[in-house]
Amino acid sequence: MEPEDILGQLNEPQREAVTSGANPVMVLAGAGSGKTRVLVHRIAWLIGVDNISPFNVFAVTFTNKAANEMRERISEMLGLETRGMWVGTFHGLAHKFLRLHCKEAGLEQGFQVLDSGDQHRQIKKIIKERRLDESYYPPKEVQWFINSQKDLGLRAKQVKEDAGKKQHIQLYRDYEKRCARSGLVDFGELLLCCYETLSKNNDLLAHYQQRFKNILVDEFQDTNEIQYQMIKLLSGEDGAAFVVGDDDQSIYRWRGANSANMSRFQKEFVDTRVIKMEQNYRSTKTILAAANAVIANNDERLEKTLWTSAEEGPQIKLVANHDEYGEAHNIIDTIQAKSKSIGLNNMAVLYRSNAQSRVIEEALLRQAIPYRVYGGFRFFDRAEVKDALAYLRLAVNQNDDLAFERASSMPPKGLGAKTLSDIQSFAQTEGVSLFVGASQLLEHSLISGRAKNAVRDFVAQLQKIKNETENKSLKEQFETAIHLSGLINFLQQKKSEQSATKIDNVMELINAAHGYRPLLDEDEITPLESFLSHAALESGDNQASEWQDSVQLMTMHSAKGLEFPLVFIAGMEDGLFPHQRSQIEVGGLEEERRLCYVAITRSMRELYISYANQRLIHGLTNYSRPSRFLYEIPEELIDEVSNQGVLSGSTKKNHKRSSKNKSSSLLGQRIHHHVFGEGVVIAIEGDGDNTRAQINFETEGTKWLVLSYTKLNLM
DNA sequence: ATTGTGAAGGTTTTT
DNA sequence: CCTTCACAAT
């Protein structure tokens, strides 16, 4: 490949980044400045011009969608020259590593990846076993605790003992033990275990440091502690990593992401070359001006000014609606009006939370407009799909306790809660898995009567599934296991409408298996193992029509890295966006503002923003004001129209605009405060009956208690 | 042992 | 609003 083929369409800073030598490089790149492009072109440069083997390239990013796109674009440029290259998400690559080195990592061959639902169930059970009160130790909170410790790279024994944390740490310890015994690995564990294995094993580390001389990281602002450490470890002494990021687009703080990693990189990697890419090639002047104005309200940003030479473009349309149905109709009307000229594929509807998609989907369905939802309800999270997968997981690894438990009760086979708990306590005292425990119980005739028959049949059934799925194609394995599980028979007998859908879903699973192709260089593990891991790591695209012209629906989070000529941002209301919860988290509002920045900058040309005066949330009517972020957009960029809704007034000259609306101001909500001794209490009026929250913190001798209370309901 | 009922509780974003 | 859970009835 000729240098000009690669550099042809690039601007100066982009070229500089693509061709830079082996020094550590940090590209500070604004939205739409060609971040991913630079990354892909750099890989092409390394391989095509510098003659580096794909074998030496390690390219990592954050979400599956971004990773897929990167992979696609690389092979578009390089064709088949990508063999041996590691491209994927942090979790995906860590998983790959652990499959290759499960022995060194102390994991069993057929270890399974735990998704967050599984993890939640597991933790819940452990809390029960400890006889702790779930209302005092909510599983969600414990789960959050464990995950954030893992994100920080801390094992239970490494967590600093803190008076309030004792029980949590104990639960973490229990959970670790349980996962180890059952061969289960959660998301955080993938990273942590990978990191530990590398740092404990010098030969292995040396090998990979030698191999991955070229490490590239996209969306670097979203790395968390353990990910940062992993990059640092892998890049070794010379630390020649190439990272790309934009601190203004850091939106995963709640998951441990720390955008300070960007400034940290400059310090800790010797002689880091910083390249700024500030020209935006994506959006019109209007869009960019709006985005810049919003993000300007955040403090502590890295120095960077985004500009464009593009045309002014149309104003941003702001639509006031009465309720969410009106909003959906309005969006669909616009979609229909524009579908001919723009094309459905080029339009995206973005929203803050997945639940918002329902109303919009219904409206699209009614008008028979094809659409595609990303994320949200996960195919692999459905109960019947998990049931079916449990049998396949057991075919791979009979010690998978979670799967054992699931399979034992579905379909019902006379093995109920009582018998299961007998097996569990036996297995626990013996320190073995449920499957082994059940087999031993049988062997030593420790159970009798009906239970004995049920357990014997079940163990035999699992053995049979294991035997009969050996050496078969993936599709046959699925057919066999599902057939032998008796799930379909059971569902057929029920003959309800729901069970018909469930059967469809299970059948769809077989189709998915049939169409499944493991990634090129994944031949080190069996296709079945690969499929099962992907089921946990990816949301599962159940919507077949990937190439059909269709409107794209997704959360603002999933939209990061994508661009569309026409973008709708729906549900622009205080409480929804910025989300209520963000208002009581320190720094929460700033993160929401970055998310808003991300959302606006997805648009290349046309942007429709809408809000509703009222909206049904969890069955209750919620009244809300237009999002405060709207008032941060210069009014001349906005054209506000009403669709039977009350206008925000953000374009009216006389309206008092809160343009200096900083994160501390809570629009219209009553705030009370009281100072006493060394403390301050601040009470904020909530606007729903479930707004109850409080935070404590200390600043230089002053204790703060901020709490929200419920407005009296006089209706 | 399984199934059905009603009450209670939890609601952001993703790997 | 939807899911999960506890308990009663089969």
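Because the structure is predicted, anything quoted here is derived from the model rather than measured. Labels below follow one simple rule: chain letters A, B, ... track the order of the sequence lines, proteins then strands, and each chain is numbered from 1.
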Whole angstrom is fine here: how far is it from [atom1] in [X] over to [atom2] in [N]?
X: Phe187(A); N: dT15(B); atom1: CZ; atom2: P; result: 8 Å
X: Leu595(A); N: dT13(B); atom1: CG; atom2: P; result: 11 Å
X: Leu184(A); N: dT15(B); atom1: CG; atom2: C1'; result: 17 Å
X: Asn68(A); N: dT15(B); atom1: CG; atom2: P; result: 10 Å
X: Lys124(A); N: dT4(C); atom1: NZ; atom2: C1'; result: 6 Å
X: His579(A); N: dT13(B); atom1: NE2; atom2: P; result: 7 Å
X: Leu114(A); N: dT14(B); atom1: CG; atom2: C1'; result: 15 Å
X: Asp115(A); N: dT15(B); atom1: CG; atom2: P; result: 12 Å

Students often get this wrong, so: under 4.0 angstrom with heavy atoms, is [X] touching a base, only sugar-phosphate, or nothing?
X: Tyr252(A); value: sugar-phosphate
X: Phe90(A); value: nothing
X: Ser558(A); value: sugar-phosphate

Is the closest basic N to carboxylate O distance between [X] and [Y] below 4.0 Å?
X: Lys125(A); Y: Glu405(A); answer: yes
X: Glu591(A); Y: Arg253(A); answer: yes
X: Asp246(A); Y: Arg594(A); answer: no
X: Asp186(A); Y: Lys150(A); answer: yes

Examine [N]: is either OP1 or OP2 under 4.0 Å from a nitrogen or oxygen in the side chain of [X]? Give yes or no.
X: Lys140(A); N: dT11(B); result: yes
X: Asn354(A); N: dT12(B); result: no
X: Thr555(A); N: dT14(B); result: yes

_Inter-nucleotide P distance (dT4(C), dT13(B)), Å rounded_ = 16 Å
*Looking only at side-chain atoms of Glu592(A), point me to the closest of dT14(B), dT12(B), dC1(C).*
dT12(B)
*Check every atom of dT15(B), dT13(B), dG10(B) against the side chain of His557(A) and return the nucleotide holding the closest atom.*
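Among the listed nucleotides, the one closest to the side chain of His557(A) is dT13(B).
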*Give, for atom CZ of Phe111(A) and atom NE2 of His95(A), the distance between the pair rounded to the nearest 0.5 Å.*
4.5 Å
*Given that Trp254(A) and Pro138(A) both sit by DNA chain B, which one's nearest nucleotide is further toward the 5' end?*
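Nearest-nucleotide comparison on DNA chain B picks Pro138(A).
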